[in-house]
Amino acid sequence: MSAPVMLGLTLPDVDVWSSRVVVALGQNPGLFTGPGTNTYLVGSGSERILVDTGQGVPAYLPVLEQALARAGCRIQEIALTHGHPDHNGGVAALLDRYGKLRVSKRPHAGFDRACPAPITPIDDGSVLRTEGATLRAVHTPGHAEDHLCFVLEEEQSLFSGDNVLGVGTTVIPSEGGDLGDYLRSLARLQQEAPRVIYPAHGPRIADGVAKLAEYIAHRNAREREILDALRAGLSRIPEIVARVYAAYPVALHGPARQSVCSHLLKLEREGRVRREGAVALEASWSCV
Ligand SMILES: [Zn+2]
């Protein structure tokens with residue numbers, strides 16, 4: 001799940017983004033996936049690690065075949081950034097096509113039920129190796145509790161999953177998302193000082209450090225705007241969205257409600273706002 005503003009953006013099906021990174025597009029374009037989910041063949045040898053598997057649409061396998069031919073490799077194993085369906089949905093078809101492959105991710109009881117293979121558990125600090133590439137997992141919750149990013153040590157680059165996107169901003173879902181965790185995850189990624197970021201959706205990000213700073217500044221600015229709206233007397237999320245997202249197409253106001261809600265829940269946990277009403281999206285909010 002990612003950002004709706006990527007609708008209309010197109011990317012090639014297969015592309016070489018570095019001497020160690022070949023991308024194969026997941027063929028699942030949509031409101032929340034942009035041009036589709038990027039899947040990555042990582043390494044430089046005859047067997048490489050596949051990061052993410054797309055949604056499981058039949059059109060993906062021929063594209064992956066092209067990418068394998070372009071890279072001149074087979075799949076060594078699969079690593080998943082997290083358990084959302086546009087990342088793990090392709091696992092079943094890949095196991096059907098290529099036989100038994102190790103599938104590694106940070107375990108999550110709910111998401112992993114949909115995965116047809118046994119999960120090899122990995123977590124913060126785990127390392128996956130192949131010829132030419134060392135991938136180190138960084139636990140980065142916020143978009144999803146089980147979310148891992150992977151540092152490619154040889155490049156000081158980063159596979160960011162849904163935490164940082166090629167275009168637009170990450171959705172913090174009301175189910176399983178946490179904006180406070182997300183901002184801490186971005187700060188954690190800043191410590192890695194990634195040169196290049198390979199996102200799960202959208203194009204390669206040439207300056208990873210600048211993009212992380214931009215993401216954090218964007219969230220801070222949004223928080224200020226939401227607090228301003230509350231101080232101006234607005235209390236319901238649709239009203240706040242209409243003010244803060246006035247410059248955006250109305251089609252984006254639905255996802256924007258989730259985003260505003262995630263900010264309000266963070267501010268509530270920090271004791272800076274209060275609400276009347278049990279359901280966050282429908283509650284009446286005010287500053288403390
Ligand atoms: Zn996701």
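Since we're looking at a predicted model, the values are computed, not measured. Just follow the structure's listing: the first ligand is 1, and inside any ligand the first atom is 1.
Distance alone, capped at 3.5 Å, is enough to place a donor-acceptor pair between the His139 side chain and the Glu145 backbone.
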Self-check item: Tyr182 vs Ser262, side-chain hydrogen bond (donor to acceptor under 3.5 Å, both in side chains): CA-CA, chis, key distance, verdict
Solution: CA-CA 10 Å; Tyr182 178 69; Ser262 69; over 6 Å; no

Practice problem: Please test His87 against His201 for ring pair (Phe, Tyr, Trp, His ring centres under 6.0 Å), starting from the C-alpha separation and ending with a verdict. | Solution: CA-CA 10 Å; His87 299 259; His201 305 276; 5.5 Å; yes

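Asp162 contributes OD2 as its N, O or S atom closest to the Zn ion (ligand 1). Nearest N/O/S atom of His84 relative to the Zn ion (ligand 1): this is ND1.
For the residue pair Glu155 and Ser18, a side-chain donor N or O sits within less than 3.5 Å of a side-chain acceptor on the partner.
Residue His87 does not count as close to the Zn ion (ligand 1), with no N, O or S atom under 2.8 Å.
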